[in-house]
Every structure is written in C-alpha cells, then in structure tokens.
There are 2 protein chains.
Amino acid sequence: MKLTTTRSASLVLAAAMMISPFAANADETALAPRKVPAKTLQVPTADISPGMQKFIAAPLNPAWNNQFSTGAEWRKFADHQAIKINAGIPDMMQRMNVKMERSTIDGVRVYTITPNEIAPENRNRVLIHEHGGCYVLFPGETGATEAIMMAGFGHIKVIMPDYRMPPEAYFPAPIDDGITVYKSLLKTMSPKNIGIFGTSAGGALTLEITLRAKQLGLPLPGALGSGTPMSDATMVGDSFYTNKLVDNVLVSPTGFCQAATVVYAKGHDLKDPLLSPVYGDMHGFPPTILTTGTRDLLLSNTVRVHRALHRAGVEADLEVYEGQSHAQYQFDDRVPEAKEAFTEIGAFFDKHLGK
Amino acid sequence: MKLTTTRSASLVLAAAMMISPFAANADETALAPRKVPAKTLQVPTADISPGMQKFIAAPLNPAWNNQFSTGAEWRKFADHQAIKINAGIPDMMQRMNVKMERSTIDGVRVYTITPNEIAPENRNRVLIHEHGGCYVLFPGETGATEAIMMAGFGHIKVIMPDYRMPPEAYFPAPIDDGITVYKSLLKTMSPKNIGIFGTSAGGALTLEITLRAKQLGLPLPGALGSGTPMSDATMVGDSFYTNKLVDNVLVSPTGFCQAATVVYAKGHDLKDPLLSPVYGDMHGFPPTILTTGTRDLLLSNTVRVHRALHRAGVEADLEVYEGQSHAQYQFDDRVPEAKEAFTEIGAFFDKHLGK
C-alpha cells in the first residue's frame, strides 16, 4: 500500500496519520476544541518538600480576581500587601546573610543587596534584579525578596531598581529605569560581567530590557535569568487555559495580573515586544536560564521563550519544577526548592558571566 | 513586627506566608485537594506549525482505554496497528534519505538505519534506539520511525533492537536485549561514542538500560536522549492528573499504557528502578537530553527525571514543546516540530559524544 503524494492538505494529513498510530480518527478539517471534565487534584508529594507541598496545597490566591482599573488603586493594594511582606524581610536577610542598602543610580531608586561573603569568582560581577508583581506590585524593599535569595544563595552582589510603577509612571518607565541602571554599570564594568534576572513581570522585564538594549545599540549583558516570564500580555499561551484554576497563584488568564498589565500599558499595543517579549527578536541574546513549574499558568509562555531563544540560536536552559504554580520557587527561602532554583540560576550565571 | 521563631510547623508556615503574598489563606493543617471545573480548550496555534496543530486538535486516541490483560491480546493489537504504520515507512525513509537493514546482534533482532550521508563528525559514532509503545507495541520495523527520523535529521547511524515483547518475553527482556547490543558495540567502540535514546517506554528503557549497565559495572554510554519517559509506573506524577483528558495520546493514568505496563511487568514490583527509573540512582549518568510537551501526561515524569539528574550532578537539558501531548514531536517527520526536536537531540549528542 503506497501513500498518495498529492499536496492536498487533507490527504497530507491522512498520510501523516498513517505514521502516527495514536491519532487515527483526527478531524481533518477543523481545529476542534477539547472538552475536559471537572476534576479533583490531589497535592503532589513525590520529590517535593513538605514546605513546597503546603504552597501547592494553598487555596486559590484570594486576590486573584482583583480588577482595579487605575494605578492609584493598584498602589493602594500594593502598599497594603507590602506591610506583611516587609515584616518578614529582616529575618530573611539574616538567614541569607546579606545586607541591603537604599540609594539612587542616575536618579533611579535602587536597593543594593550584598552578601556578607561574596564568592571569589563573583567579586567583579553584579546582577540586576527586576522584581515581579504584574508591573504594579511590590514597591520599595518589598520587591527585594528574590534579590535577597539570589544574593544569599548565589554569593553575588545584586542591584534591584525600585522601578517607577503606576500611578507614578507607566509603560515603559520600568524598562527605562532598568536601562539607566545598566548603562551606569557599563561605565565601570564589562557587560559580560553583568547579569539580569527576575521572575514574572521581572522575568519579562529581563527580556524587555535586553530587547531595549539591542534597540539602543548597547552591548548586551553576559547572561539572563528569566523566571516564568509574563512574555505574552495578549492572553495567548496554552497553559493560560490548561492550567486555569489549577495554578493557585495567578489562577486565570483574566485575573489580577492581566488587569494590572492593562493599567500599566495605558493603551499601548500589548503585542509590542516591550510588553510581550516572546514576540521580540532574540537573535544575539546572551545565554538565558528559564524557570517555571508544571502547574504554572505561564508554563507555556516560559517554554515559548525557551523555544524562541533556541530558534534564534541562543543558548538557553529550562528548569521546570514538579507541581509548582506560578513563581512558587521564590516564595520562601526556607523551602528547599528555593535553594535549588537559585543554586541552578547562580550556577548558570557563574558558567556564563565574565570574571 | 518580628516573626516568631518557634519550630511549630504551623507557625513556620505562617511565617512563610508573610513572604509569599499570594498564599495568605493557606490551609495550615492539611494538603487539601483542588477542585477544577470543566473547561473547553481551544487548539493553541501561536508558535505551532499547522501540521502540529492538527495533531493537537485530534480527538482522544480511540485506543486510549484498551485494557488487555494478556501479552497475546496486546500483540494482536500491535500487529493490527503495525499494518498502517509500516505502509508509511518506505516513503518516510525516502524523505529522510536513509536505508534500513534487518539483522541480529548476539541473538537480538535489530534494525540498522544508516543515513545515505553520515556527517563527518558522526563517522565513529552510533546511537542505540529504544522504541516506545508501553513495552508491548511497535514490533519489528514499526518501532523504527523515530530511529529513521534521528538518523535522517541527525545524519548518524542508528541501531534499533527489535526487543522481545509480550507474549514472547516479559520484563526485563527489553533491558537485557539493550544490554546485549550495547555490550556487543563495546567490543569495537568506545562507550563515549555510543548514545542511547528513545521516547515513552523507549525513554524509560534508555534510563533503565543505563541503570542496568551501572549495576553490571559496564562503562556508561556517552550521552542519552530520553523523550517523555515512562519514568514512574506507579501512577505517581502530577501531570498524570493535571493533564488527564487534556493529553490526547495517553489520555489517562489508568489508560492503555498502564494496563500494558502491568502485563509487561508480570507481577514484578512496579517501583523497581528498572520499571520506574525515576527512583534509580542516577549519579554518574552521562549528559542527558529530555523532551516533552506542555499537555503531555508525562510532563511531570519528564521533569522529575530532569531534576533527579541535576540533583545527582548530571548535566541534563530539558526541551518542552508548546501544546504537545505525549510524544507528538515524533509523530511525523514532515511536521517542523519533528525536525526541531531531532535537531536539538542530534546537537546534544554531537556536543557530548566522543568522536
């Protein structure tokens, strides 16, 4: 029996089906949606620490459906949220054995997190940390928890721009602030010794700032760490839907993070690569490590960036953690998966940054 | 406000929650399951080729709930399925520009797939291909489609053991056959110039044969490619449940593949690392590339192996393809994602194998 060689799409598909035994009844004419029945998910425990199991077991983020429409409302919510977070930071800094100082760099507010013991190979290196929070949350030191973990676990100096957010400023202020800090560092450092990293909006900003540096003709940093990036603000990405109401942090593609991003974008085209970096041209990007979890609403938009980087010939590593929802690897330094994630990221920077 | 430092688990958790703003109402006492409502999933299209979109859109594998309880029944089904697949192989070989020969190596039936143009760097290298099929499917040349793609896209010679399957033989016959072929190659080749790869049961066999080689004190191969491995036969792995009835190939943790594995294991403990390699000791393993998709029922059991390898200090790369269910990257050589996947795997082998 010989396969037909006609170019008709449906016959090509029929031929394809002969090689794929598991799709013999495929609909040849339409991309039919799939109905998935309701299910009850147990908390996974295999290869997952008890502390992380608790995060995975947590109920849906109670703020998941906040739909504030102004920068002022988001800031009020962010300030309220910050009280609790900030209360935990002194002990966290002690556990991580770091100190933190506030200053400005060329007018941009920054926090500098310095480990009490910088690793010898990191003496001439610095990481810029872009904090997350859907471009509206975690003002001031509140945004520094991930920077503290990176500095502590990685034994490396970290500078976090406390970038302007709504209502103080809107897109592209955080990108501009990141570029300002980066350019200032370039005055005294090789770009190869500078890394940029962050999670969620911070993972997106890491990519956006690098895209912007390309646009500006700046030399690019030596390596990037993009954690579960908000790489597509247009609600495209399959896990927005497969992991809807499975991810207990972001919860839904139409939840608080989308609402916040719309406020931040202030009418700007959401498909602009500086808002949706998955659509950016990543040729020439430095080596990049990406991090996500199997329940992450942004699993797809992390792996899409990974694939885009590979398709552009860029060295890129992907770490996916079992059972984790959005950004949970950086929820608590005392959970072993936090040490694991930042040790992976630190090792990646060590491998790729100049000395 | 200072955090308490008591060691009580619930208070430690409460403290953790102060750092994680998104889980403030976490249940502190139990790992409560999560109820997920029914949903309708559209077929993702962004960054996905039209051919792959068709595979993603295909209805649930009509054979997903086959529950045969004997080797003879599985073989009858496998032979029936093989007719269609085999019909497509000659054209596929032509497209891939390879030839295939059947022979035996120390009593093991094998197919040797040789590209008409072997890349210069691959002249002294060979890959052993372990085919998939839940340890019961794809007898004879039917199992060779992935080997043909690897040989064709990677320009490298591939030997596929046509390993014994039920009812001819049961666990651990496929592992023994793989070891026999590997040992035979070792007589004339450096282990560093030999790679092993495969998908699904073949991804598991890749790991199982390497674990067995360790047990036997054999030198280990130079690199591995483990595609969406059936790394846990005990139905543990979160995506068994999150992707249940989302994955259109394996469909369910209690579907045909589990039934087949139970027949194959013939009463042997399913948690034996030679049946569930995620529980094996992977210290000393060669560099390994893992491949899966975001809708894959075995997403978790792929990333669990990735993490186990990293935790054992082994270099391991992870490739996750947007929207794909189980093993779809190797369904059809004409779909661009197949070329992409085997080009990634080939580049990985090229980087790590000896010359």
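Fair warning: this is a prediction, and the values are worked out from it, not measured in the lab. A, B, ... follow the sequence lines: proteins, then strands. Residue 1 opens every chain.
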(request) Could you pull out all residues at least two apart from Arg307(B) that satisfy salt bridge (charged side-chain N to carboxylate O under 4.0 Å, His left out)? (result)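 Counting only residues at least two positions away or on another chain, Arg307(B) forms a salt bridge (charged side-chain N to carboxylate O under 4.0 Å, His left out) with Glu319(A), Glu340(A), Glu344(A).
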(request) Apply side chain to side chain contact (heavy atoms under 4.5 Å, CB included) to Thr242(B) and Thr294(A), showing your working. (result) CA-CA 9 Å; Thr242(B) 55; Thr294(A) 60; 5.8 Å; no
(request) Identify, with sequence neighbours excluded, every residue that meets side-chain hydrogen bond (donor to acceptor under 3.5 Å, both in side chains) alongside Thr254(B). (result)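 side-chain hydrogen bond (donor to acceptor under 3.5 Å, both in side chains) list for Thr254(B), sorted by chain: Ser252(B).
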(request) Write out, in numerical order, the residues from residues 40-47 of chain A with a heavy atom short of 4.5 Å from a heavy atom in chain B. (result)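 So the qualifying residues are Thr40(A), Leu41(A), Gln42(A), Val43(A), Pro44(A), Thr45(A), Ala46(A), Asp47(A).
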(request) May I ask you to name which of Thr343(B), Asp232(B), Leu318(B) has the most heavy-atom pairs under 4.5 Å with chain A? (result)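 Top count of heavy-atom pairs under 4.5 Å with chain A: Leu318(B).
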(request) Could you tell me which of Ser239(A), Pro90(A), Ser300(A), Pro50(A) has the largest number of non-hydrogen atom pairs under 4.5 Å with chain B? (result)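 The candidate making the most pairs under 4.5 Å is Ser300(A).
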Could you grab the distance from atom [atom1] of [X] to atom [atom2] of [Y], nearest 0.5 Å is fine?
X: Glu322(A); Y: Thr302(B); atom1: CD; atom2: OG1; value: 10.0 Å
X: Ile56(A); Y: Arg34(B); atom1: CD1; atom2: CZ; value: 8.5 Å
X: Asp238(B); Y: Gln324(A); atom1: CG; atom2: CD; value: 11.0 Å
X: His306(B); Y: Asp317(A); atom1: NE2; atom2: CG; value: 7.0 Å
X: Asn243(B); Y: Lys39(A); atom1: CG; atom2: NZ; value: 6.5 Å

(message) Show me the pairs that pass salt bridge (charged side-chain N to carboxylate O under 4.0 Å, His left out) and involve residues 239-250 of chain A, at least two apart or across chains.
(response)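 Counting only pairs at least two positions apart or across chains, no salt bridge (charged side-chain N to carboxylate O under 4.0 Å, His left out) contact touches residues 239-250 of chain A.
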(message) Given heavy-atom pairs under 4.5 angstrom as the criterion, report whether the side chain, backbone, both or neither of Val236(A) touches chain B.
(response)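 Only the side chain of Val236(A) comes within 4.5 Å of chain B.
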(message) Is the shortest side-chain heavy-atom distance between Leu299(B) and Leu299(A) below 4.5 Å?
(response)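 In short, these two side chains touch, coming nearer than 4.5 Å.
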(message) Run Val36(A) and Val36(B) through side chain to side chain contact (heavy atoms under 4.5 Å, CB included) and show every step you take.
(response) CA-CA 10 Å; Val36(A) 181; Val36(B) 182; over 6 Å; no
